[in-house]
Amino acid sequence: MNEKNIILTGDRPTGRLHLGHYVGSLKRRVELQNSGKFDEINILIADDQALTDNADDPGKIRDNIVNVVLDYLSVGIDPAKTTICVQSALPALHALTFYYMNLVTTARLSRNPTIKAEIQMRGFSEEGLPAGFFTYPVSQTADITAFDANVVPVGEDQLPMLEQAREIVEKFNKIYGETLVLPKAMIPENEFQRRLPGVDGKAKMSKSLGNCIYLSDTSAAVKKQVNGKMYTDPLHLQISDPGHTEGNVVFTYLDALCTDEHFAEYLPEYANLEEMKAHYRKGGLGDGVCKKFLINVLEETLSPIRAEREKWANDIGSVYDIISSGTAKAVETTNKTLERVRKAMRIDYFVDRSIVKEWENLLKKSGQ
Ligand code: TRP
C-alpha cells in the first residue's frame, strides 16, 4: 500500500469522443495532468468493458481505439506525463475481476442504478443480459485497484461504480488484511460541465441521436449542428420579445464553454455572459447573434484540437508506440498489485518453494 496520489480514469472505445467528453472530463484531465499534484496519472482504454455489450462487433472496438487515443493526444494528454494503456492487454485485471466477483452479490449488482439505466437504454431483456455486462462494475473495481488509484475523475453517472469499488475494497481489506487502496471519485465542479446536453437539447450527446459535436468535426459540421439543430427559446419570436436563458441550449453551451476573453474578442458589447443573458431576458437580443457567438466560441475551442489531431493522424506509427509502451508499463504496475493480492489471499503458491515446507509440516502433523 502506498501514500501516493494516483489517478486512474478511462473510456470505452466505442466511438470518437465529443464535446460532452471534452467539457465533462478531458479538459479536467489535462489540467490535473499539468497540475503537478499527482505522482502518477493513468488512462485506461477500456476495450474489454466495451466488449461486454459489443461482443458481436469486436471490429468496432478495435477501430475506435485509435480514434480515442487521437482524441486524447489532440486535447493535450501528454504521454510523457500520463500513461495511456489498453485494458485487454493487462491480464492482471482479469484475474482481479475473478477474485472480486466473490466479494459482491448478484443482488447488490442488480441495485446499481447506472447499470439499471444502461440495461434499459440498450433494451436488454432479463434473459438477454450478458453476464459480463452485468458484472462490469466488478471489472472496473479491478481497473481502479490494480493501479492503486486513490483518485478517479469520472462523470456523475459513474458514482455508483465508485461506490461499488469502495465496498469491494473494504470487504477485501477486512477479509484478507489491508491490501487495496480505497478510491475516491472526483466529479466536475461546474454543474454546467457535468452533463452537456446534445445540440437538440436532449439530456446527453449520443451517436445514435445524431446530436453530437465531435472533437474531430470540421468547422462546417459544427456550424451545421448549431444552426440546424439548436433550438433556442420557442417564446422568443421577435427579437424584441423577452427571452428565456434557462433550458435554452445555446446558453447552456455558453455556460459550459465561454470565458470573458471570448466576449472581448467576439462580442465586446458585453463584458461577460451575465450581461449577455440579462439583455436576452429583457428582449432585444436576437438568436442569430447568440448562435454566431457560440460558433465562434466553439471554433476557438475546437480548432487547436482539430489541428493537433491532424498532426497525430499523419503519424499513426507514433500513436501505436505511445499506447504500446504505456501498456507495457501498466502491465508491470498491475502485475505487482495482483501479486500483492494473491499473497494476501494466500494463493501465491509459486512465487517461491516455501509452501513445500509448509505442506511437509502439515502432513507430518497429521501423522502421514
Ligand atoms: N465505465 C467508464 C465509462 O463508461 C469507463 C471506465 C472503465 C473507467 N474503467 C474505468 C472509468 C476505470 C474510470 C476508472 O465512462
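All heavy atoms count here, side chains included; hydrogens, waters and symmetry mates do not. Every number for a ligand or one of its atoms is a count from 1 in the order of the listing.
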Enumerate the salt bridge (Lys or Arg N to Asp or Glu O under 4.0 Å) contacts for residues 317-336, please, sequence neighbours excluded, ordered by first and then second residue.
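Applying salt bridge (Lys or Arg N to Asp or Glu O under 4.0 Å) to every pair that reaches into residues 317-336, excluding sequence neighbours, yields nothing.
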Going by atom types alone, do H236 and D287 pair a side-chain donor with an acceptor below 3.5 Å?
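The criterion, which ignores hydrogens and geometry beyond distance, is satisfied for D287 and H236.
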Indicate whether the side chain of Y136 and that of E118 have a donor and an acceptor atom separated by less than 3.5 Å.
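Their side chains do contain a donor-acceptor pair, which is all the 3.5 Å distance test asks for.
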Selection residues 151-160 - residue pairs positive for side-chain hydrogen bond (donor to acceptor under 3.5 Å, both in side chains), sequence neighbours left out:
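Output for this query lists Q140-Q158.
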Inspect the contact between D352 and K357 and indicate whether a charged nitrogen and a carboxylate oxygen are less than 4.0 angstrom apart.
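A salt bridge is absent here (no side-chain N lies under 4.0 Å from a carboxylate O).
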Would you check ligand 1 and list the protein residues that come within less than 4.0 Å of it by any heavy atom, ordered by chain and number?
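Answer by chain and number: L8, T9, G10, R12, A46, Q49, Q140, D143, I144, V152, V154, Q158.
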Can you list the residues that meet the side chain to side chain contact (heavy atoms under 4.5 Å, CB included) rule with D57, with sequence neighbours excluded?
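Counting only residues at least two positions away or on another chain, D57 forms a side chain to side chain contact (heavy atoms under 4.5 Å, CB included) with K60.
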